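Being a predicted model, the structure only gives us computed values, none of them experimental. Each chain gets a letter, A, B and so on, in the order its sequence line appears, and its residues count up from 1.
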Amino acid sequence: MTARVPRGFVDRDAETLYAQEAMLATIRRVYETYGFEPVETPVFEYTDALGKFLPDSDRPNEGVFSIEDDDEQWMSLRYDLTAPLARYVAENFESLPKPYRSYRAGYVFRNEKPGPGRFRQFMQFDADIVGAPNVSADAEMAMMMADTMEALGIQRGQYVIRVNNRKVLDGVLEAIDLGGEENAGRRLTVLRAIDKLDKVGAEGVWSLLGKGRLDESGDFTKGAELTDAQIERISPFFGRAGYVPLEQSSSAVRPLVGRRIDDSDTLWVEDSRGSIEVARSVVGSSELGVAGVDELDNIYRFIEAAGYGPDRIAINTSVVRGLEYYTGPVFEAELLFDVTNEKGEVVRFGSVGGGGRYDGLVSRFMSQPVPATGFSIGVSRLMTALKNLGRLKTEKRSGPVVVTVMDRDRMADYQAMATKLRDALNADPLLPPVPVEVFQGNPKQFGKQLQYADRRDAPVVVIQGGDEKAAGKVQVKDLKLGKEMSATITDNAEWREARAGQETVDESDLVDAVKRILARQSREG
RNA sequence: GCGGUUGUAGCUCAGCUGGUCAGAGCGUCGGAUUGUGGCUCCGAAGGUCGGUGGUUCGAACCCACCCAACCGUACCA
């Protein structure tokens, strides 16, 4: 039997967890400055609460992990944090303040094929406002998302929050005779095609909207079968309509970073105003579309007034989002930098979070309409990106002070020393912990104990054998200093003789001696 | 689901036209060193060559099927 982690799942080591903890704290801090409070819901929900958003309710295991309870009810692991929040709000509607601002972080699960940077268990960090019908709430979400990116160390220009509106898309689709329930499937195909813009380019999207597309591997993807005229009508959504060449940018005062969006060498920047104008002309007389454009216009005014320019938040009509339940504004956080990973491959991270307005989700459980908007950050994915960007705050943790064991029958003494050190070194609960431990392996070979301490990156070891005990002394050994000294010693006998970094002190001076060494090391960094 | 690539020791990999081809480095463990880390040196353990059939005097190598992983693509609420 081989030990192996299930496909699509990962083990996370100490370093990763420390880094994740730091990230979560940073995000939490931003959310709380906006007035959001935490809430936690379980990882399981009744499958019907995740409900009609399953692709096929006859196959409850498709896409989600599901089990049948002994009362024959199906339960599923949540696949996002939005549907569970909707259930929670509906269940506690009377007692919650409205609008209800809440945030929560947690693992979500998807039963699908894993890929590079894609797992079947991953963490999301969501924030939502329930009971706020106006798009000013959506604008606030976008601004908070931008703030979060920067709090995490992603500089302006390295990310953008793109905002669109489902009503605009739906309005245009209505205008080209794709409205109504009977065309829901085709509308979804169209949305997904546009969603692939960054992957397949404008040409590819055109193919996907028409007959279909043959990719490099020879696989054929069936298209939406739109006529050329229909495609022509919606083409502004996946062209360069949302962009303006860098040199023509009106916001020259801002440090905008231009990007290539097609085969030419032209660098383009986000153009919110242009996007809105194009959207207005494309939706024509569609009532829904016009309403959507007006909403985008309002959002634009809010973010501009608050000082969030197109280098942070941009209106861009190519943002779609795959989720079906969005009813209004949708947003997406995209990282704009390429990075080279451990394998030397250039990786484009793209989207690290997204969200939007889902006015129908809570009201599924209620007799009254409940507007809601929110967004989600893909923590695991973002962490990988930050790591490659070199922005991951890896908190340096001290290794343990190791009390070594010379005489097996004096374990009690060693434990007492460790306790004394532990208490003395950790008196201030606000400082990071200084671990102290007694060596718990086989103490027979003393060399192994030091080797262990070395591998744990121990700053100091404490040594007290029979000789020291008789004299009322104890040895403290600075491993870091010893390591530096080892560089100039090549002979092992000499190295052992040198007792590098070691000093003998009175038993009563033990705590102070260890403190001195730790202080010296932290000074020298 | 579709297409491609790859499966040899814990890890990374070498292994020629099918004929000493069961190998290296790293890691692990032991020793040189029973009270001192690093360096160095010596030694050991560890593999049904992904699996099952087949071709052959002979298969890690050729063929078929299966399995798995990886890459791309599709799906991704």
First of A:Arg110 and A:Gln464 reached from the 5' end of RNA chain B, by closest nucleotide: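 Nearest nucleotide further toward 5': that of A:Gln464.
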Any donor-acceptor pair under 3.5 Å linking the side chain of A:Tyr414 with the backbone of A:Gln464?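 Indeed, once roles are kept as given, a pair shorter than 3.5 Å links the two residues.
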At 4.0 Å (heavy atoms only), tell me whether A:Glu484 reaches a base, stays on the sugar-phosphate, or touches nothing.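 If one applies the 4.0 Å heavy-atom cut-off, A:Glu484 turns out to touch nothing in the nucleic acid.
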Give a yes/no answer on whether the side chain of A:Lys196 brings an N or O atom under 4.0 Å of OP1 or OP2 in B:rC75.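 For A:Lys196, the contact criterion (side-chain N or O under 4.0 Å from OP1 or OP2 of B:rC75) is met.
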Are the side chain of A:Asp509 and the backbone N or O of A:Val505 linked by a donor-acceptor pair below 3.5 Å?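 Not at all, since once roles are kept as given, no pair shorter than 3.5 Å links the two residues.
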Under 4.0 Å between a side-chain N/O of A:Trp495 and OP1 or OP2 of B:rG37, yes or no?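 Answer yes for this pair, as a side-chain N or O of A:Trp495 is under 4.0 Å from OP1 or OP2.
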B:rU20 versus B:rA32 - spacing of their C1' atoms, nearest Å: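 Comparing C1' positions in B:rU20 and B:rA32 gives a spacing of 34 Å.
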Has A:Arg381 got a side-chain atom pairing as donor or acceptor with A:Ser351's backbone, closer than 3.5 angstrom?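 The answer is yes, because a donor-acceptor pair under 3.5 Å joins these two groups.
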Sugar-phosphate, base or nothing in reach of A:Asp467, heavy atoms under 4.0 Å: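 Base contact.
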Over how many whole Å does the gap from A:Gln502 atom CD to B:rG35 atom P extend?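 Rounded to whole Å, this separation is 14 Å.
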Spacing of the P atoms in B:rC42 and B:rG50 (rounded, Å):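 Here B:rG50 and B:rC42 have their P atoms 32 Å from each other.
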Checking base pairs now: Watson-Crick or wobble, both atom distances under 3.5 Å. What partners B:rA60?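 Base-paired to nothing in any strand shown.
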I want to verify a distance call: between B:rG35, B:rG37, B:rU28, whose nearest atom is closest to the A:Leu450 side chain?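 Of all the options, the side chain of A:Leu450 is nearest to B:rG37.
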Checking the side chain of A:Arg104 only, and the main-chain atoms of A:Val39 only, is there a donor and an acceptor separated by less than 3.5 Å?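 Not confirmed, A:Arg104 side chain does not pair with A:Val39 backbone.
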Determine the interatomic distance between P on B:rG58 and the same-named atom on B:rC65; round to the nearest Å.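 Looking at atom P only, B:rG58 and B:rC65 are 23 Å apart.
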Base, sugar-phosphate, or nothing: which does A:Thr490 touch, judged by heavy atoms less than 4.0 Å apart?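 The residue A:Thr490 makes base contact.
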Is the A:Tyr452 ring parallel, tilted or perpendicular to the A:Phe439 ring (thresholds 30°, 60°)?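 A:Tyr452 and A:Phe439: perpendicular rings.
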Is a salt bridge present between A:Glu437 and A:Arg422, judged by a nitrogen-to-oxygen distance below 4.0 Å?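 Salt bridge absent between A:Glu437 and A:Arg422.
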Using the benzene-type ring in the case of Trp, are the ring centres of A:Tyr31 and A:Phe125 under 6.0 Å apart?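 Between A:Tyr31 and A:Phe125, the centre distance is under 6.0 Å.
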Pair assignment for B:rA14, Watson-Crick or G-U wobble, requiring both distances under 3.5 Å: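 Base-paired to nothing in any strand shown.
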Could you give the CG-to-P distance, from A:Asp478 to B:rG38, as a whole number of Å?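 Result: 16 Å.
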Check whether the side chain of A:Lys477 and the base of B:rU36 form a donor-acceptor pair under 3.5 Å.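 It does, because a donor-acceptor pair links the side chain of A:Lys477 to the base of B:rU36 below 3.5 Å.
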In whole Å, I'd like the distance from the CG atom of A:Leu208 to the C1' atom of B:rU73.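 My rounded result for the distance is 11 Å.
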Touch class at under 4.0 angstrom, heavy-atom based, for A:Gln475 against every strand present: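 A:Gln475: base contact, heavy atoms under 4.0 Å.
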At under 4.0 Å between heavy atoms, what does A:Gln451 touch on the DNA or RNA strands: base, sugar-phosphate, or nothing?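 It contacts sugar-phosphate atoms only.
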Salt bridge check, A:Glu225 against A:Lys222: does any charged N sit closer than 4.0 Å to a carboxylate O?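 Salt bridge between A:Lys222 and A:Glu225, a charged N being under 4.0 Å from a carboxylate O: yes.
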Could you state the NZ-C1' distance from A:Lys222 to B:rC75, rounded to the nearest angstrom?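 For the pair A:Lys222 NZ and B:rC75 C1', the rounded distance is 16 Å.
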Find the distance A:Ile489:CD1 to B:rU36:C1' and express it as a whole number of Å.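 Computing the A:Ile489:CD1 to B:rU36:C1' distance gives 12 Å.
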Considering only the C1' atoms, how many Å lie between B:rG43 and B:rU33, rounded to the nearest integer?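 Nearest-Å result for B:rG43 against B:rU33 at atom C1': 15 Å.
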Rounding to an integer number of Å, can you tell me how far A:Arg499 CZ sits from B:rG38 C1'?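 Checked: the CZ to C1' distance equals 16 Å.
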Could you tell me the Watson-Crick or G-U partner of B:rC21, where both distances fall under 3.5 Å? Say none if there is no partner.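 Across all strands, not a single nucleotide pairs with B:rC21.
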In whole angstrom, give the distance that lies between atom CG of A:Asn111 and atom P of B:rG1.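 A:Asn111 atom CG is separated from B:rG1 atom P by 13 Å.
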Taking atom P in both B:rU34 and B:rG27, compute the distance separating them and give it to the nearest angstrom.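 That atom pair is separated by 23 Å.
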Whole-Å distance separating the CZ atom of A:Phe119 from the C1' atom of B:rA69: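 So the two atoms are 15 Å apart, to the nearest Å.
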A:Arg496 has a side chain; which of B:rC75, B:rG37, B:rG30 sits nearest to it?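 Shortest atom-to-atom distance from the side chain points to B:rG37.
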A:Gln445 side chain N/O closer than 4.0 Å to the phosphate oxygens (OP1, OP2) of B:rG31?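 Affirmative; the distance criterion is met.
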I'd like the C1' distance from B:rG25 over to B:rA69, given in whole Å.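 It works out to 24 Å between them.
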Base, sugar-phosphate or nothing for A:Ala487? Non-hydrogen atoms, less than 4.0 Å.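 A:Ala487: no heavy atom of the nucleic acid under 4.0 Å.
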Does A:Asn492 contact B:rU33 through a side-chain donor or acceptor facing the base, at a distance under 3.5 Å?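 Indeed, a donor on one side and an acceptor on the other fall under 3.5 Å apart.
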Separation between the C1' atoms of B:rC26 and B:rA45, rounded to whole Å: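 Roughly 16 Å separates the two C1' atoms.
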Across all strands shown, which nucleotide pairs with B:rC75 by Watson-Crick or G-U wobble geometry, both distances under 3.5 Å?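 Matched B:rC75 with nothing under the 3.5 Å cut-off.
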Can you check the distance between B:rG10 and B:rC66, where both ends of the measurement are the P atom (answer in whole Å)?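 It comes out at 28 Å once rounded to the nearest Å.
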Quick check on RNA chain B: between A:Gly465 and A:Ser486, whose nearest nucleotide comes earlier from the 5' end?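 Its nucleotide being nearer the 5' end, the pick is A:Gly465.
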Could you identify the nucleotide paired to B:rA45, looking across every strand shown and requiring Watson-Crick or G-U wobble geometry with both distances under 3.5 Å?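 The base-pairing partner of B:rA45, which may sit in any strand shown, does not exist here.
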